[in-house]
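One-based numbering, in listed order, for ligands and for the atoms of each. The structure presented is a predicted model; accordingly, all values stated were derived computationally and were not measured. Quick note: numbers below take in every heavy atom, side chains included, and nothing from hydrogens, waters or symmetry partners. We count residues from 1, following the sequence as given.
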Amino acid sequence: MTEIKACLFDLDGVLVDTAKYHYIAWKELADRLGFEFTEKDNERLKGVSRAASLNILLEIGGLNLDDAEKAKLAESKNNRYVEYISAMDSSEILPGALAFLEDCRSQGIKIALGSASKNAMTILNNTGLTPYFDAIIDGTKTSAAKPDPEVFLLGAEALGIPPVNCVVFEDAEAGIEAASRAGMASVGIGSPETLGAAALVVPSLLEMSVARLKEAFTAV
Ligand code: BG6
Ligand code: MG
């Protein structure tokens with residue numbers, strides 16, 4: 001790969017520990033609807049839009065509902081989720097994230113957000129992360145959900161950096177596929193079992209530095 005000029009970050013599960021709140025809020029809904037929803041099931045919802053997540057949840061529960069009922073359920077899940085994220089602060093930034101963002105800044109690497117969430121601004125503002133970003137693309141600015149590459153292509157365009165010079169950081173399979181379809185390299189944050197399609201997988205951003213990134217991706 002050529003020179004790395006930009007890092008594009010997913011939000012939930014990469015920079016902040018919100019994946020647990022999504023899970024709790026979906027699980028509360030499944031409990032109310034009367035079926036079991038496990039953490040393993042929840043893996044399928046990571047990186048997926050709210051509406052698509054609800055469809056997967058209902059499929060797991062074997063329920064077939066009309067659009068009006070689905071809209072109500074999605075709203076009720078989101079209301080619970082918003083209660084959780086409204087109480088967030090900087091202590092819920094994931095280990096290594098701040099140091100790596102600082103490292104990118106100091107080395108002149110541009111930083112963008114590429115998140116499916118329509119709640120991204122609430123989370124960025126509550127945790128104090130907003131000022132780190134040169135561009136923010138979230139679920140309010142996209143029309144197609146990951147694995148569609150739109151969110152990352154819009155991010156690269158907003159930064160003015162060609163996709164080939166971008167690296168995506170993702171904790172979801174759908175996000176790794178979106179990066180690849182955008183023509184970008186990716187780093188999986190989590191387990192190689194689910195993120196094996198990424199060029200590099202690390203357990204957290206604690207393992208990441210600009211030096212390591214360049215070593216892993218820049219052709220010699
Ligand atoms: C993604 C999460 O970042 O955002 C998904 O990984 C979530 O689990 C999606 O469904 C949409 O989030 P929101 O906040 O708009 O419901
Ligand atoms: Mg994520």
task: Determine whether the side chain, the backbone, both or neither of Ser117 has a heavy atom under 4.0 Å from any heavy atom of ligand 1.
output: both

query: So which of Ile56, Asp12, Val14 gets nearest to atom 3 (O) of ligand 1, if we judge by its closest heavy atom?
result: Asp12

- request: Taking only heavy atoms of Ser53 into account, list the atoms of ligand 1 that are under 4.0 Å away from them.
  value: 10 (O)

query: In terms of the angle between their ring planes, are Tyr23 and Phe37 parallel, tilted or perpendicular, with boundaries placed at 30° and 60°?
result: tilted

Test item: side-chain donor near acceptor, Glu150 and Ser143, under 3.5 Å: yes

Lys/Arg N to Asp/Glu carboxylate O, Lys72 vs Asp66, below 4.0 Å: no

- prompt: Regarding Ser76 and Asn79, is there a side-chain donor-to-acceptor distance under 3.5 Å anywhere?
  reply: no

- request: Inspect the contact between Glu28 and Arg32 and indicate whether a charged nitrogen and a carboxylate oxygen are less than 4.0 angstrom apart.
  value: no

query: Can you list the steps and then say if Lys40 with Glu43 is a salt bridge (charged side-chain N to carboxylate O under 4.0 Å, His left out)?
result: CA-CA 5 Å; Lys40 185 158 181 278; Glu43 282 301 310; over 6 Å; no

task: Determine, using heavy atoms of Gly47 and all atoms of ligand 1, whether some pair is separated by less than 4.0 Å.
output: yes

- prompt: Quick one: does ligand 1 sit under 4.0 Å from the side chain of Lys118, the backbone, both or neither, non-hydrogen atoms only?
  reply: both

message: Judged on heavy-atom distance to atom 16 (O) of ligand 1, which of Lys146, Arg50, Glu170, Arg44 sits nearest?
response: Arg50

The Mg ion (ligand 2) - number of protein N/O/S atoms closer than 2.8 Å: 3

statement: Any heavy atom of Val48 under 4.0 Å from ligand 1? The part involved is backbone

For Lys46, the ligand 1 atoms whose distance to one of its heavy atoms is below 4.0 Å: 6 (O)

task: On the 0 to 90° scale, with breaks at 30° and 60°, tag the Tyr81-His22 ring pair as parallel, tilted or perpendicular.
output: parallel

- prompt: Any idea which atoms of ligand 1 are less than 4.0 Å away from a heavy-atom of Leu45?
  reply: 5 (C), 8 (O)

- request: Tell me, yes or no, whether the heavy-atom count around Asn64 atom CG, taken from other residues, nucleotides or ligands under 6.0 Å, exceeds 12.
  value: no

- request: Could you tell me which atoms of ligand 1, counted from 1 in the order shown, lie closer than 4.0 angstrom to a heavy atom of Tyr81?
  value: 14 (O)

